[in-house]
Structure formats: C-alpha cells, structure tokens
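Following: one structure in structure tokens, then a few remarks.
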Amino acid sequence: MELLIARLIDGVNYGVIYGFLALALVCVYRGTHHLNLAQGEMAMFSGFIAYALHAAGLPVILAILGAVAVSFVAGGVVERVLIRPLGAHADYSILLVTIGLFLMLNAAAGVIWGGDPLAFPSLVPDRPDDYIGFFGTRLRYLPLLILGVLLAVMGGLFALFRYTRLGLAMRATASNPESARLLGIRVSGINALGWMLAAAVGALIATLIAPTTTLTTTMMFNFLIYAAAAATLGGFDSPLGAVLAGIVLGVVENLVASYVGFVGSDLKQAVALVILLVVLMVRPTGFFGSKRVERV
Amino acid sequence: MSMLSITDMYAGYGAGDVLDGVSLHVDAGEVVVVLGANGAGKTTLMRAVAGLISRRGGIELDGESIARAATDAIVRRGLALVPQGRGTIVDLTVEENLRAGAHVRRGRGLAEDLDRWYTQYPRLADRRKQKAGLLSGGEQQMLAIARAMMSRPRVLLCDEPSLGLSPLLTEELFESLRQINTDLGMAILVVEQNAMIALEIADRGYLLEIGEISESRPAAELAADDAVRAAYLGA
Amino acid sequence: MALPVHIPAGSRADIGWRVGRVVLIALLVFATPYLVPSFRLSQITGALVLAIAVVGLNLLSGFAGQISLGHAAFFGIGAYTTGVMTVKWETAVPITLVVGMVLCFVVGVLVGLPALRLQGMYLALVTLAVGVLLPSLIRRFDGLTGGSSGLFGMEWEPPGIAYFAGRGGETVWLYYVTVVALVLACVVVWNVMHSRIGRAVVALRDNEAPAIMTGINRAFVRTVVFGLSASIAGLAGGIFAVQAGILTPEAVSLLLTINLLVAMIIGGRASYWGPVFGAFVIYFVPVWTSDLSQGPISGVLFGALVILLVFVMPNGLAGGLTSLVRRVVVVVPQPPRGATEGPSPVPVEPGDPAAGNPPLEARLVR
Amino acid sequence: MTKRSSKLTLAVAVAALTFASCGAPGDDSGSGSSASDAAVEAAEALGIDLDDCPADMTDPLGDTAKVGLTLPLTGGPAAAFAVLGPGVKSAFEEANAEADLPTKFELILKDDQFQPDKTLVAARELVQKDGVVGFSGVTGTAGVLAIRDLLREECLPGIGLPGGGGTVLDPAYPEVVSGAVPFSLDARVWVEDVNERFPEGAKIATFIGNTESGKDYAEQIDHWLEETGSKSTIVDKETIDAADAAAPSSAVTTMRNSGAEVLFAAPTGAQCISIMTEAANQGWEPVIYMTTNCSSSTYFGAAGGAADGVLTLQTYKDVGSPRFADDAGVQRVRDVLKEYGGGVDLTNTTAYSGYVYGQMFVEAAKQAAASDLGLSKLGLIVAARNLDFHPDMVADGIDFTTSGLSDVAPIEAGELNSWSVAEGGFQQGKLYDFEGELTQK
C-alpha cells in the first residue's frame, strides 16, 4: 500500500510540473491561438538568468523574482518584435519563428553558461532529511512549494479574469477578438500580456525545479512535450483544464511505467504521447476545453 | 460642423476597392440611413469607418480625423459600431458583455448605465447571468446595441440590425434606436436593406450602389420615391 | 533588346526554353561524377536524399498548408525498414524501399486521420508526438534496430556494369539512384498538384469552408496527400540508410524535422524547385559552419537565420529566383486552348481574411 | 504523364546509355607497394595486408602532416564537447614546438553534430580532401564504429579515440586504438568490489540510460557477475531516457522497494546528479557505484551531501579535486593548455581529456620516429599497437599499454574512489588493474 501511495505522490509531483508549464502554453494560446514551441527554452533561459543573478550576489528569492520580472518583460518584447508583425492569422510563420527562437535560446544558453549542469539552490530546505512523513513515504518540501506556488498562480489568474477590468478584456479578446477591438480593447496589448504572463510562469517553474534537475540547456524540452500533451488533454483554452490534465497525465504515466512491466521509465514519455494521440482521435478539444474545433 | 463626415473614401480587401470615393456625413442628434442591396458595399463602409479594414480618404469624428487611427483608438474617441452578425462575445455572460462594453470608460458610471440598459431592454435583465451565446437572435441584437452604448459614444453605427429578425422584433428594435436618438440626442448611422422601417426613424438617407453613393435626400422624399420603393421596398 | 523578353506561352521559343533547361540539368547531372571527388559526390548525394524528404514535406506543408512537426518519423520508418530488412533479413534493397514506402503511407494516413477534424496547431501536436515517439521506440527495441549504438552495414551493391567499377563505384551508383528517386518524387508531386486532387488541395488550403461546399471530399484528399507525403519521406529514409551506412535514433529525431522544415522555407514553400535548393543549403550548413566559427555560436546563427527567413524571404530562394528570372524572360500566358493553367504557387496563409475570405460583396462586385 | 514529358524521359534515357559507355568515374584504384620485408612482417603481425593499403603506407610523412578530428560544433552536444578541439590541438602544438619530430602535425576540425552518419561523411572529406594521415579524439562508441571501416579501407591510424564500448576493442580493426576507459573495466571493478564487500552476495539494482554506453553496461555487468561467480543478484533493472531531465523519483521508489543494497548507476549528463540527490531524498542509502561518464567534480560537487561516499572509477586525474590541485602532471598540462589552448576554460575537464587523446597520438609518433619503420602511417599504427607510456593526466600506477593484437585495450586499470563532501573531492581508493585481460576475445 505504501508503494502505491509513493507512486501516486511521485506522479502528482511530475504532473504539477507538466500542469505548470501547460498553464504558460495556455496563457499564450487563449488570446492568440498560437502554440509557442519556444516556451520551454524561454523558461530554461530564465532559469540561467536566475543563476546569474544569484551568482552576482542576490539571495535566491530575489534572484528568482528578478528572473521572473525579466522574463515578463522579455515575453512582451518577443511578442512585439517577432510575433505581432507577422499578423494574427500567420499560424505557420509564427510556428516557424518560435522554432527559430527555440534554436537560438538553446544554443545561446550553451554559449553563455557552457555545457556542464549548474547547481541552483532551493528556496526551501532540501537536504535529505527535510521531509514530512506521510504513510511511510516522504513528502518533500520542494514539491509542496511548487504545488503551493502553482495554486497561488492559478488563484491569481482566476481573480484577474473574474474580478478585474483587464481580466474581462482578456476573456473578451480570447472569445471574439474583433468584437473586443470594437469595444475599445487594445487586442495587441492583450496578446502581448498573454506572452508576458506565459514567460513569467515559465520562469517561475524553471527556477523552482532547477534544484532537482540542475540547470542544463536540455532541462525543459521534455517538459514542453508533456505540457503540450497536458494542454491538449485539458483543452487549450482552459487554464484549469490544462493543469488538471497535467496532474492526471503525471499520475497515469507514472503508474503505467511502474506497474506495466514492459514499459520502463525510459518509455514513460511514450505513454504520455500515446494518451495524447488517442485523446486527439476521440475528443480533439480535450476534456475541459470549449467545444469549438475549427470544423465546418 | 457634422459629428461624422466621410469625404472621398476608398476601401476594399487587398485585391481591389469595393468603395470608390464615398462621401457622406451625420450631424449631431441626426439619424441617417444608407440603403443598399446585397453586395453594394454597406458592410465594407461600416468596417472601413471603424478601422477594421484598410481605407483611404477623409474620415472625421467631430472634426478630428480618424482615417489612420486603429479601431480601439476610434472607439475611445467616441464611435461605436454594432457589427453585422451582432459580434456577441458568446463565452461571457450578458452582464459581462455589457461590462466589457464599458471598457473605455474605466468603470465610471457603470452601475447607472447598466440600470439604464436593463430598463431599455428588460429581456436582457432577466437573462443577465446567462452565457450570451444562449440568447435568441433578437436578444443578441439588443445586447449588441446596449453593449455598444455602454461606451457612451458620440455616434452610433449599426450594420443591418434587421438581419435575421422577425418584422415585429425589427419594429421593436428600430423603436429603441429612435428612443436612444431622442433621449440621448445620439447621432446614428444605420446601413440597411429594410428601407421602409429604417426611413421611418431617419432624418436623411443615401443610396449605395456598387461602391458609389448618391446625394443625401430627406427620408420622407426617399420613402415616396417610386424607384427607391421598387428597388428596396419590394413593393 | 529591352528586358524582360516576352515569349508567348506555347510558342517554339517557349518550348526551346523549357527543353533547354531540361537538357542543361541532364548535362549537369551526368557530368558531376566526373568533375567531383568521391567524398564530395557522396555529400551531394546526401543533400539530394534530404531534397527528396523535403519534396515530400513540401507536398503536405507547402502545397496543402498542413503543418507537420514529425516528418523525421516517416524518414526514420523508411530508413529503419530498409536498415533492418537488409542487415537482419538480407532482403534486396529495392524491395525494402517499396515496403518502407507502403508502411509510411499507412502510418501517414493513420496520423492524418485526426487531421480531418483538426486544424493547424493540433495537427502540429499530433505529428510532434509521433516524431518524439519514434526515437524512444527505436531505442527500446534495440535488439532489432541496434538502439543507440546504431545499425551498421547497410549497403547496396552496384550492378556489375563497367560504369560502376572501382572503389568509388558504389558512391556513383547511389548518386544515380538518388537522382532518379528525386526526379520521380518531383514528377509525382507535379502531377498531383496539376490533377484534380491538386486543385482540391489548393482550394482547401486557401479557403476551406467554401471549398467543402463545392463537394470536395476533404477526407479523401487529406489522407491521400498525407500518405503520399509520408511515403516520399520514407523513400528518402530508405535511400539514406544504404547511402549513409549507419542509422542512429538521433539521426531521425526532432533536429531532422526542424532541418526539413527550414530547408522548405529557405527553398520556398509550395514551389517545385524550392525543396532542392533548401536541402542543399541545410546539408552544407554544418560543413561551412566548422570553417566559419569554432563553437556552439553557430547554433545561435542557425536559429536567427530561421527567423530572418520568415521575415525577409517568405517565398524563399525559389521565390527570389523566379522573380529574378522574370526580369530576364517572361512567358506570356496565351488564352487557354482547353489546357488549364496550374494553380498559382504563391503560398497563402490558411484562413487569412486579408488574403483569403472577404465578405460577400467584395466577390460579387469584382 | 503528359505526352511531352514522356518524350523527355525517353531522351534522357538515351543520353544515360551513351554516358554509361564512357570511363567509370568511380574507378580510382591502383595500389601495390614496395615495402620492405620488415614492414610487411610487422603489418601482418597486426593483421594488415599492405597490398590492400595505399602505396605510401611506409613512406615517411614529410615536413607537415594533417590529423583529422570530427566533433560536434553545432547542435545540442556542441556546448559540452566542442571544447575537445582546443584540448587535442594543444597536444599537437606542444609536440610541434618542443618534441623534435621530423613531421609537424596540423589538426583539422570538422563538425559532425555528434551524429555517426555525419561523422563518416566528415571523415571521408578529411581523408580525400585534406589528406589526413590519421585521426585523434573522435568521441563516442557509435562515432568510432562509424569511421573504423574507413580507417581499415584507407589503412589510416586512429589513435586516442575515446569510445568506451566493448566493440571498440576489436582486434579485427588494428588501426583503431581506443583512448577511453572501457565500460567493461567499470563493470568488472564494480562486480569485483561488490564480491569483496558482500562475500555472501548482495541485492543489486541497476539504473542505466538508454544510450549506447547504457547497453554496454547492462551486458558487461551480467557478463562479469557470471564470470566472477558472484553470489550477488540483480533484483531490479531501471532504465531512463537520455533526454529525461526530471528527477528519477519513480525509478528510485521502485529500486528502494526492491530492497536492493547496491546501486549500479550509468545515466548521462545531469542525471548523474539527480539520481544521487533523489536516492538521498528518499532516504535510500545503498552502496552507489557511478559510471566513469559522471566521475567529475562538477557533477559530484553539484549533488552536495547526496554524493558523500558514492564510489566511481577514475583513471584520469580529476582537475577539480584538491588532491590533484598541485599535481605536477596536471600543472604541466594546464600550462600547455594555457599556451596552446587558444583561451580554453582551464577548469573544463573535457579540455584536459582532449589533451590526453592528442598525447596518445604524439607518443605513438615519437616511438614510430625512433623505430626502424620510421614516422610513417604503418609506423604510427605499429607504434600505437605496441606502446607503453604514462600520460600526465592519468593517475599514478596506471599506464597506457598495448601490445600487438593480444592486448588491444590501452587502459585497463583505475582507482575506485569515493567522494567526500568534507574534503570537497575524491578520496583515493583501491587500484584495480586488469592489464591485458579486457581485449574482446
């Protein structure tokens, strides 16, 4: 029984990370219907920025907040310079630009910070004996912190969307960009805000998991694949759906990898991708997404 | 000085121009109608003035040029467009649609305006918490007008409000437009195919045919003109 | 003589111009083995193999506007089919190529099925998932595929004639095999795009809603295009297996998909000659970069190049070249005597109102 | 096929036939050599038939000669491996300046994006265009396997090619002299050490990446458990995808529950760190043996307290460890890198290993120059196959020794050291020396 609980907790810990990054993907998709393939690499780069700030003497918490702020602004710059000029409907060109951004950020991180993994300190005590006993398995502080931050971010987004004029404008833009424009809403500004929020959320998750994964140029690519799968399962235009789908994906994948003999942990990701393919065949908008597939 | 004046405007979709040098104006407190058959360029005219498509020529709102401004800037300056097909924001509730309408007013006088439009259109009041997508055609048209008015514009543009509505509902709708004009002294520009009802509430009217516009003529004269009756009234 | 020279289409000068181009290319193809040392020839063959894969991708993502982020998977299926069948089961190479293409067609159709109901971004995700799935499956079944340490020993013995004698004989043989395969792929794509399916593809790309209304069976067209595109990429993979002699999962992973996509943009989307240009540029980039800069900085340049191209040359080299040629020679289309002109190769963003779907009256008026 | 284009293909076919009759463009054979009897005998001792080799096998290399190195300069792995270039280059620059060899060597770098098929293409270009006389420093088992047929065909020496896989130590390819610590040595030392610590046998869990080295480790561990008659058994086999950056918590959970007392870990890159931290975080304290791929102070330092007491086989001196801070050999190599390394980062361990691979080629060249075969291609191969010297960067008591086809593996010894957080470095452990026993039979 302990083993099952341990597996569930491992699954939830993975799932929270997938959901977190999926939230970033959804922030971009909601307004613009664009998939940002460079979201993972932007998060990784912010992780290195936090490392640089910490190395320059800032305490960990300020280094992280600094990196999140820098990423927030950088997200807007990327949207303004690279995405907006292409026009709202240039899906293909925007996808290619995000691939170009992916390659650039990946290589640049390698050039600036070198190839070796860099250790990054944790916000909460992360020594081997820092945990809470729970049915014979260990609840570590870091995963709890990540879950807490994720809930806080989602709470913040929920409040923003529900109770603020800006949030209402964002929801209007997501639902009907032309009508939003006709109500005096600066749609381009809202889209930029989507990219800025996404970059900030990405920076947050990268700096939070860096202590366990260490900072490497390839740290976020796998998570991007999972986040995309989670967002697709949860419905790309529903933040809550994407996060829940991420957690479900993490648990299911971990259980399958542990209990199905054939599937080792090297095929864990394959399990997630098979789930993605099956769901796309059955319910293309995912479980929580609104029923609006571009169908004739 | 007219509230909205358009001089020699060309507009179209990339390949060629749909409107060839259109000129018209709407004075303060006046209701003007532009009549035109399907494909005459009515929607293009509306979308050009609102800045949704590329256009050339003079467009002034209360003396200030908005020919090059972006749509959201135009709306902030006091022009509101009720688009063809009503532009309902389906994922938001009725009240949220109205609140979004007041975006440019940063919340000033929000409660007061809400009450005003709930009394103007009581059916919206009963369905205030429902998703706008669930409303009927007529209700969505009322919502569209109320949402546009929430920004307290200086001139209101309506693109074929009668589209897809029953004669009774159309009657009701145009009556509410007349009331808006008289109560608030709102300048209104309506493009319509349904000439008879439109001319009832209008002061002046224009005829728009294949991208070119006629001279302005008083509404009563247009209503009595046999050529117009044949073309638009389906007499 | 004022440029550009106007040649009426179908006149003798026009036919002369076309035949001249074909003869020139044929001469170039046959002269290359003599002019170039054996290692350069194998590099050129490598670029041509890449060109075949890009031609396949171009049919799907260029002409049909369907975004695919997993074409390396079809290339990989073709490559490993040939690799495993020749090394483990001693099958003759041509048979393995055919089996590879059929397998890719089937997988292409299966992957294309969600494409019927999905648009752009979801389809990119499905293909991305398949593209990421294949390498880990190859690594897991390493008994069959050699896993990460690679599959070795694929080769294709040239026929016994004197022309292919000598140590470099196999390289020359594979060069011709690749040239023939590339010509075949181009002819197939050319014919498809000038057939009924081709017109349906362009109609679906530019403006899906009305196209469906005119009775185009979207399901059939999409699956055929997906299957064809996948099997051409599979053919390229099969030839790659025997030409490179080594197969590793890394060679058919996301980096290859990105290279194929970038080659297609550089060459020019939805153009016939674009893929060949793009493939040569992408193949020889690593060869040049090691002289250009010693270190990972060239990765940054490569990413910047991708972004620059999307902004500066949306129609790619082919677009640039055709406009250059048009300054010299313009073929004036004559009023059609029954033969219909092929669809305009200018790529249009699917669903873009500015270019594609104006409201009713715009079309009525003009 | 429209009528016009079918006529076209006919014309093209006719043209093809006419060309077929001309001379075969690929025919450039022509060999045969006028080598001395001693040379023929030496070559045959290594299984090389001089008649199959180019004529200039025994000719001295002349004033200058080029040596080839393919390595990733673009793509993901470039960040980690591009630094090999300056390392290998400084070994050759040093030899050109200080060792009075009759030939000055020039190292040519080519980008292969760390993909074996591109390695072969780049190697062919180095051979045919640049006319290299040999290779040094080409990394990765698959990379070495990719070019060994080319080396066999062209009879070119490949000296100091770090490919740890067992297949690299194959007597059928005399031209290829590995430069790496073979994974089989690693596996054997682990098993021997476990047999010593747990005479009545222990439960072992393995955590292996699905990379090329991973496959080798899995096979070698089973082989040596059987070979040494060990009573230990493998109770759980966990695998991990090389690209998986997440902490391996599910794998560690399974291994912890399997009751394993020993962990054989062979992951790659950042996983070296995360496996140690994850095991400690889950309160699982087996005896951990870490692969040589991870045995650098960068990885162990980053793991913090979790790395305390973890064992790893080290053959090369760890530049980051205090133990070698003022080691004469390391200091000498550091000076060489400073002078000839073109501004390379002097704390990067990969640069130092690059120097060692280059040094193997240089030592073979020195011995060849002194031998009666002279500094020729054949001389280089024979010298590299019968070499015995102590590279500066290798720990004391371990030598680079090869002799003919009986001992093909140059390095067959290593220290099993354990990381001490207190000392901030590796503590010297037992030296395991299996000289001459690891050549693949």
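Computed from a prediction, not measured in an experiment: that's the story for all the values here. Note on naming: letters A, B, ... go to the chains in the order of the sequence lines (proteins, then strands), and numbering restarts at 1 for each one.
- Each of Val130(C), Leu69(C), Val262(C) has some count of heavy-atom pairs under 4.5 Å with chain A, and the biggest count is that of Leu69(C).
- For the side-chain contact (heavy atoms from CB on, under 4.5 Å) criterion with Leu96(A), the lone passing option out of Ile307(C), Ile258(C), Val310(C), Leu309(C) is Val310(C).
- Pairing each heavy atom of Leu276(A) with each of Ala129(C), the nearest pair is CD2-CB, 3.8 Å.
- Neither the backbone nor the side chain of Val271(A) has a heavy atom closer than 4.5 Å to any heavy atom of chain C.
- No part of Leu308(C) comes within reach of chain A, as not one of its non-hydrogen atoms sits under 4.5 angstrom from that chain.
- Within 6.0 Å of atom CZ in Arg140(C), more than 12 heavy atoms from other residues, nucleotides or ligands are found, so the atom counts as buried in its surroundings.
- Ile265(C) touches chain A through its side chain: at least one heavy atom from C-beta onward sits under 4.5 Å away, while N, CA, C and O do not.
- Taking OG1 of Thr232(A) as the reference point, atom CG of Leu128(C) lies at 9.5 Å (rounded to 0.5 Å).
- Proximity to chain A is absent for every atom of Leu134(C), based on heavy atoms less than 4.5 angstrom apart.
- The nearest pair of heavy atoms linking Ala107(A) to Val300(C) is CB-N, 3.4 Å.
- Atom-to-atom distance recorded for Leu277(A):CG and Leu110(C):CG is 10.5 Å, nearest 0.5 angstrom.
- In this structure, the portions of Leu133(C) lying under 4.5 Å from any heavy atom of chain A include both its backbone and its side chain.
- Interatomic distance, CG of Leu103(A) versus CG of Asn259(C), reported as 8.5 Å (0.5 Å rounding).
- By the neighbour-count criterion of 12 heavy atoms within 6.0 Å, atom CZ of Arg84(A) is densely surrounded, having more than that number from other residues, nucleotides or ligands.
- Interatomic distance, CG of Leu254(C) versus CZ of Phe221(A), reported as 4.5 Å (0.5 Å rounding).
- Closest approach of Leu95(A) and Ala124(C) over heavy atoms only: CD2-CB, 4.1 Å.
- For Leu82(A) against Phe311(C), the heavy-atom pair with the smallest separation is O-CZ, 3.2 Å.
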